[in-house]
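The shown structure was predicted, so the numbers you read here are calculated from the model rather than taken from an experiment.
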Amino acid sequence: MIKKIMTSIKVQKLLHYKMQQHIIRDGYGMRGKSKWIMEAIEDFLQLPDYPLLTDIAVEMEQLTEIVSIRMSDELMSKLDHAIIKVRRQYPAMEGVKSNLIRASIMQRLIRATASVTEY
């Protein structure tokens, strides 16, 4: 059995709403929220400029909605390595893990919208 780790982040109300819409539209259903977010994180960490994109997420305000996520131990380990990489480039950044996850969600939403408009 795969060990799962629970974590929570705060997001903006509009981001939370759009994320829920995409999760349902993509066929995950609300029970698949963690899987959708985990895939977003995996894809985000493949981007060569993810530390810069994480820094942009710092600017988000009005973080009123709480999102709980169950992540695999393996993904949490990758996230820990990503936190170290971001901290090397942005040592004063606070809440790196939350910013990484928020940036992952935003990028998945942006890239989904971009791929739809390309056709």
Side-chain angles (χ1 to χ4, degrees):
M1 187 169 140
I2 297 173
K3 183 180 174 188
K4 297 281 183 172
I5 299 168
M6 188 71 127
T7 192
S8 298
I9 62 165
K10 286 186 172 185
V11 297
Q12 293 173 329
K13 189 173 226 161
L14 182 60
L15 180 63
H16 189 235
Y17 175 74
K18 288 185 181 257
M19 179 184 71
Q20 287 176 323
Q21 283 183 317
H22 277 264
I23 290 169
I24 292 168
R25 188 199 70 201
D26 292 347
Y28 289 82
M30 288 316 296
R31 296 184 64 89
K33 175 185 68 173
S34 288
K35 182 177 180 183
W36 189 92
I37 294 172
M38 284 176 49
E39 289 173 1
I41 295 167
E42 290 274 3
D43 293 344
F44 183 72
L45 296 179
Q46 300 301 314
L47 300 173
D49 59 345
Y50 78 81
L52 173 64
L53 296 169
T54 303
D55 185 47
I56 294 168
V58 171
E59 302 300 321
M60 292 185 79
E61 296 177 350
Q62 299 176 354
L63 305 173
T64 57
E65 304 294 307
I66 297 174
V67 176
S68 296
I69 310 153
R70 285 186 323 264
M71 280 193 255
S72 67
D73 196 31
E74 179 184 344
L75 181 57
M76 190 57 89
S77 178
K78 289 179 184 178
L79 205 51
D80 288 340
H81 289 291
I83 289 167
I84 293 167
K85 185 173 181 178
V86 171
R87 282 200 188 277
R88 284 187 181 134
Q89 291 184 22
Y90 302 97
M93 184 187 293
E94 294 182 20
V96 176
K97 181 171 75 170
S98 295
N99 286 319
L100 271 164
I101 297 170
R102 271 193 291 275
S104 299
I105 293 168
M106 289 188 304
Q107 285 299 310
R108 182 160 185 176
L109 294 174
I110 289 168
R111 291 172 192 278
T113 303
S115 66
V116 168
T117 57
E118 288 174 1
Y119 293 103

Legend entry - Full working for side-chain contact (heavy atoms from CB on, under 4.5 Å) between His22 and Tyr28: CA-CA 9 Å; His22 277 264; Tyr28 289 82; over 6 Å; no
Donor-acceptor pairs under 3.5 angstrom involving side-chain atoms of residues 75-95: please list them, not counting sequence neighbours.
| residue | atom | partner | partner atom | Å |
| --- | --- | --- | --- | --- |
| Lys78 | NZ | Glu42 | OE1 | 3.0 |
| Lys78 | NZ | Glu42 | OE2 | 3.4 |
| Arg87 | NH1 | Met93 | O | 3.2 |

Legend entry - hydrophobic_cluster_shared for Leu15 and Tyr17, side chain cutoff 4.5 Å: no
Legend entry - Single-linkage hydrophobic cluster, 4.5 Å side-chain cutoff, Trp36 and Ile5 together: yes
Inset, instruction - Step through the shown structure and confirm whether more than 12 heavy atoms of other residues, nucleotides or ligands are within 6.0 Å of NZ on Lys10. - result: no
Inset, instruction - From the options Ile110, Ile9, Ile41, select the one residue that forms a side chain to side chain contact (heavy atoms under 4.5 Å, CB included) with Ile105. - result: Ile9
Inset, instruction - Measure the shortest side-chain to side-chain distance between Arg108 and Glu39 over non-hydrogen atoms and say whether it is less than 4.5 angstrom. - result: yes
Acceptor/donor pairs from residues 45-55 side chains to any protein atom, 3.5 angstrom cut, sequence neighbours excluded:
| residue | atom | partner | partner atom | Å |
| --- | --- | --- | --- | --- |
| Thr54 | OG1 | Tyr50 | O | 2.7 |

Legend entry - Separation of Met106 CE from Gln12 CD (nearest 0.5 Å): 8.0 Å
Legend entry - side-chain contact (heavy atoms from CB on, under 4.5 Å) assessment of Met6 paired with Met71: CA-CA 6 Å; Met6 188 71 127; Met71 280 193 255; over 6 Å; no
Legend entry - Pair Arg25, Gln21: side-chain N/O donor-acceptor within cut-off below 3.5 Å: no
Inset, instruction - Can you establish whether the number of heavy atoms outside Lys4 located under 6.0 Å from its atom NZ is more than 12? - result: yes
Compile the donor-acceptor pairs under 3.5 Å between side chains in residues 57-69 and protein atoms, sequence neighbours left out, one pair per line.
| residue | atom | partner | partner atom | Å |
| --- | --- | --- | --- | --- |
| Ser68 | OG | Ser8 | OG | 3.2 |

